[in-house]
Amino acid sequence: MDWMARNAERRADPQLLWPEAKSIVVLGMNYAPDHDPLASLDLHDRGTISVYALGDDYHDVIRKKLKRVAGHIVQTYDAEVKVFVDTAPVMEKPLAQVAGMGWQGKHTNLVSREFGSWLFLGSIFTTLDIEPDALEEDHCGQCRRCLDICPTKAFPAPYELDARRCISYLTIEHKGHIPREFRELIGNRIYGCDDCLAVCPWNKFAQVAHEQQFHPREELKHARLAELAGLDDQAFRALFRKSPVKRIGRDRFVRNVLVAIGNSGDPALAAEAKQLLGDASPLVRAMAVWALRRLGAECEVRDDQDPDVAAEWTAALG
């Protein structure tokens with residue numbers, strides 16, 4: 001996540017991003033699920049995908065809506081605009097709090113009294129001078145459910161996140177091998193993690209998302225690990241068309257699936273891991289070895305030239 005350090009100054013001061021901007025309009029879109037996101041964690045032969053990634057990519061959905069609002073501003077007030085949805089160093093959550101939309105909870109995500117923790121954010125920078133809304137206050141109180149439920153203890157303190165321990169970071173942003181200390185704790189989470197969001201008490205006021213494009217695709221809601229492990233690049237791209245999952249690529253995704261297979265406790269899934277011992281990707285081969293070791297499955301040892309894969313074989317034999 002070096003990109004955050006590189007853009008620290010521009011993130012801290014939006015006017016460094018566009019000096020002519022006088023106002024920022026923040027858009028929040030509800031993506032609250034119609035199911036308990038934590039229920040699938042007990043389905044050990046299935047993979048759990050974060051709620052936000054079960055539907056269409058929110059970047060595309062929000063960008064279209066922001067452009068409509070931005071177009072109205074241009075036509076009505078003859079002002080200039082710039083639209084951002086994770087496309088620039090913009091601190092959406094602090095801006096949303098200043099705009100009165102919600103507050104950054106102890107899990108560092110935005111919380112709304114109306115929508116709970118389920119909000120996508122986007123922004124419109126404009127030269128139009130708009131009267132600001134009132135700042136939203138923090139309503140977390142003494143609650144620490146989001147901190148206590150984190151499997152990897154990624155919160156060193158309230159309002160602080162160590163991304164290196166966060167399952168969402170490890171399964172999405174992290175490009176290398178997932179550190180061994182976190183693999184068992186990941187369980188069957190194959191893309192992201194909703195634990196800290198799902199337990200927020202303010203979710204009791206949330207309503208199921210009205211935007212159809214955010215509704216879960218049935219084929220992703222409880223996807224079978226055995227089927228996901230067999231995806232080649234073409235099948236991966238087809239399954240995750242228009243999905244944010246697509247951006248991590250097939251190799252990283254199958255890496256995550258193999259971690260879940262290793263945690264499944266189901267010997268029947270060992271066959272899927274064995275099929276991937278000769279995969280072209282070292283990420284996949286290494287996790288296939290680890291999964292087989294976790295399942296206690298016997299297999300012929302392979303001489304692998306990749307040092308990380310070889311290390312997994314050494315650990316498996318040790």
### Task
Answer yes or no: does atom OH of Tyr77 have more than 12 heavy-atom neighbours from other residues, nucleotides or ligands under 6.0 Å?
no
### Message
Between the side chains of Asp56 and Arg217, is the shortest nitrogen-to-carboxylate-oxygen separation below 4.0 Å, so that they form an ion pair?
### Response
yes
### Query
Taking atom types as modelled, is there a side-chain donor on Asn256 or Thr171 under 3.5 Å from an acceptor on the other?
no
### Query
Without hydrogens or angle criteria, can the side chains of Ser23 and Thr126 be said to hold a donor-acceptor pair below 3.5 Å?
no
### Task
Answer yes or no: is there a side-chain heavy-atom contact under 4.5 Å between Met29 and Leu27?
yes
### Output field: ring centroids Trp118/Tyr31 closer than 6.0 Å
yes
### Test of ring centre spacing under 6.0 Å for Phe236 and Phe253
yes
### Task
Would you check, one step at a time, whether the test salt bridge (Lys or Arg N to Asp or Glu O under 4.0 Å) holds for Asp45 with Arg224?
CA-CA 6 Å; Asp45 65 331; Arg224 294 183 180 276; 3.4 Å; yes
### Query
Below 4.0 angstrom, N of the basic side chain to O of the carboxylate: do Asp34 and Lys221 qualify?
yes
### Query
Quick check: does any side chain N or O of Glu136 sit under 3.5 Å from a backbone N or O of Gln97, one acting as donor and the other as acceptor?
no
### Message
We want to know whether Arg183 and Asn263 form a side-chain donor-acceptor pair, criterion being a heavy-atom distance below 3.5 angstrom.
### Response
no
### Query
Are there more than 12 heavy atoms of other residues, nucleotides or ligands under 6.0 Å from atom CD of Glu181?
yes
### Task
Determine whether the aromatic ring centres of Tyr52 and Phe214 lie less than 6.0 Å apart.
no
### Query
Less than 4.5 Å apart, any side-chain heavy atom of Pro14 and any of Val90?
no
### Task
Can you measure from CZ (Phe182) to CZ (Arg164) and round to the nearest 0.5 angstrom?
8.5 Å
### Query
Given the side-chain rings of Trp103 and Trp202, with only the six-membered ring counted for Trp, is the space between their centroids under 6.0 Å?
yes
#### Entry: salt bridge (Lys or Arg N to Asp or Glu O under 4.0 Å) between Lys106 and Glu160, intermediate numbers included
CA-CA 7 Å; Lys106 293 178 181 178; Glu160 294 182 20; over 6 Å; no
### Task
Could you pull out the closest heavy-atom pair between Ala291 and Ile261, with the gap in Å?
CB-CG2, 4.4 Å
### Summary
Separation between OG (Ser264) and CD (Glu272), nearest 0.5 Å, reads 10.5 Å
### Linked, directly or transitively: Val257 and Leu231 (ILVMFWY side chains, under 4.5 Å)
yes
### Message
So which atom in Leu66 and which in Ser123 form the shortest heavy-atom distance, rounded to 0.1 Å?
### Response
CD1-N, 3.7 Å
### Electrostatic pair Glu173:Arg247 at N-O distance under 4.0 angstrom
yes
### Query
Would Ile186 end up clustered with Phe155 when hydrophobic side chains under 4.5 Å apart are linked, directly or stepwise?
no
### Query
Do the non-hydrogen side-chain atoms of Asp306 and Arg285 ever get within less than 4.5 Å of each other?
yes
### Task
Using only heavy-atom distances, determine whether the side chains of His107 and Ser117 contain a donor-acceptor pair under 3.5 Å.
yes
### Task
Check for a donor-acceptor pair, side chain of Tyr169 on one end and backbone N or O of Gly192 on the other, with a separation under 3.5 Å.
no
### Message
In the structure I gave you, are the side-chain heavy atoms of Ile149 and Leu38 within less than 4.5 Å of one another anywhere?
### Response
yes
### Query
Would you say Ser40 and His35 make side-chain contact, with heavy atoms under 4.5 Å?
no
### Query
Does a side-chain heavy-atom distance below 4.5 Å link Met101 with Ser112?
no
### Task
Determine, step by step, whether Asn188 and His44 satisfy the side chain to side chain contact (heavy atoms under 4.5 Å, CB included) criterion, reporting the C-alpha distance in whole Å, the side-chain angles of both residues, the deciding distance to 0.1 Å, and the verdict.
CA-CA 6 Å; Asn188 71 341; His44 301 301; 5.6 Å; no
### Arg165 and Asp162: CA distance, side-chain angles, deciding distance, side chain to side chain contact (heavy atoms under 4.5 Å, CB included) verdict
CA-CA 6 Å; Arg165 304 183 66 89; Asp162 183 347; 3.9 Å; yes
### Task
Check the surroundings of atom CD in Glu137: do more than 12 heavy atoms from other residues, nucleotides or ligands lie under 6.0 Å from it?
no
### Worked check of side chain to side chain contact (heavy atoms under 4.5 Å, CB included) between Leu225 and Leu269
CA-CA 8 Å; Leu225 295 174; Leu269 289 173; 4.3 Å; yes
### Message
If we ignore hydrogens and angles and just use 3.5 Å, is the side chain of Arg255 paired with the main-chain N or O of Gly176 as donor and acceptor?
### Response
yes
### Query
What distance separates Glu219 CD from Glu227 CD, expressed to the nearest 0.5 Å?
11.0 Å
### Query
For the atom pair NZ (Lys67) and CZ (Arg63), what is the distance rounded to the nearest 0.5 Å?
6.5 Å
### Task
Examine distances only and state if a side-chain atom of Asp251 and a backbone atom of Leu283 form a donor-acceptor pair shorter than 3.5 Å.
no
### Task
Indicate the atoms forming the closest heavy-atom contact of Val208 with Pro33, along with that distance.
CG2-O, 3.7 Å
#### Entry: Salt-bridge contact Lys65-Glu211 (side-chain N to carboxylate O under 4.0 Å)
yes
### Message
Assigning hydrophobic clusters by single linkage (Ile, Leu, Val, Met, Phe, Trp, Tyr; side-chain heavy-atom cutoff under 4.5 Å), is Val199 placed with Leu185?
### Response
no
### Query
Would you find a donor on one side and an acceptor on the other, under 3.5 Å apart, between the side chain of Gln275 and the backbone of Gly230?
no
### Message
Counting neighbours of NZ on Lys175 that are heavy atoms of other residues, nucleotides or ligands and sit closer than 6.0 Å, is the number greater than 12?
### Response
no
### Message
What I'd like to find out is whether the side chain of Phe125 reaches to under 4.5 Å of the side chain of Val81, using heavy atoms alone.
### Response
no
### Query
Does Asn109 reach the side chain of Cys196, with side-chain heavy atoms less than 4.5 Å apart?
yes
#### Entry: Linked, directly or transitively: Val284 and Val309 (ILVMFWY side chains, under 4.5 Å)
no
### Task
Please indicate whether His210 has more than 12 foreign heavy atoms, meaning atoms of other residues, nucleotides or ligands, lying under 6.0 Å from its NE2.
no
### Query
Between Asp232 and Arg250, is there a salt bridge with N-O shorter than 4.0 Å?
no
#### Entry: Nearest heavy-atom neighbours spanning Asp194 and Ser50
OD1-OG, 2.8 Å
### Message
For the OG1 atom of Thr314 and the CD atom of Glu312, what is their distance to the nearest 0.5 Å?
### Response
9.0 Å
### Side-chain (His215) to main-chain (Ala209) donor-acceptor, under 3.5 angstrom
yes
### Nearest atoms (heavy-atom pairs only) where Ala70 meets Ile124
N-CD1, 3.8 Å
### Short N-O contact, Arg294 and Glu184, less than 4.0 angstrom
yes
### Message
Taking the basic N atoms (NZ, or NE/NH1/NH2) and the acidic carboxylate oxygens, is any pair closer than 4.0 Å for Asp304 and Arg302?
### Response
no
### Message
Between His59 and Asp86, is there a side-chain donor-acceptor contact under 3.5 Å, judged purely by atom types and distance?
### Response
yes
### Message
For the OG atom of Ser243 and the CD1 atom of Ile49, what is their distance to the nearest 0.5 Å?
### Response
7.0 Å
### Query
Does Met287 belong to the same Ile/Leu/Val/Met/Phe/Trp/Tyr cluster as Leu276, with side-chain heavy atoms less than 4.5 Å apart forming each link?
yes
### Query
Taking NZ, NE, NH1 and NH2 as the nitrogens, is one of them in Arg237 or Asp233 under 4.0 Å from a carboxylate oxygen of the other?
yes
### Query
Which of these passes side chain to side chain contact (heavy atoms under 4.5 Å, CB included) with Asp195: Thr152, Asp148, Leu41, Ile167?
Leu41
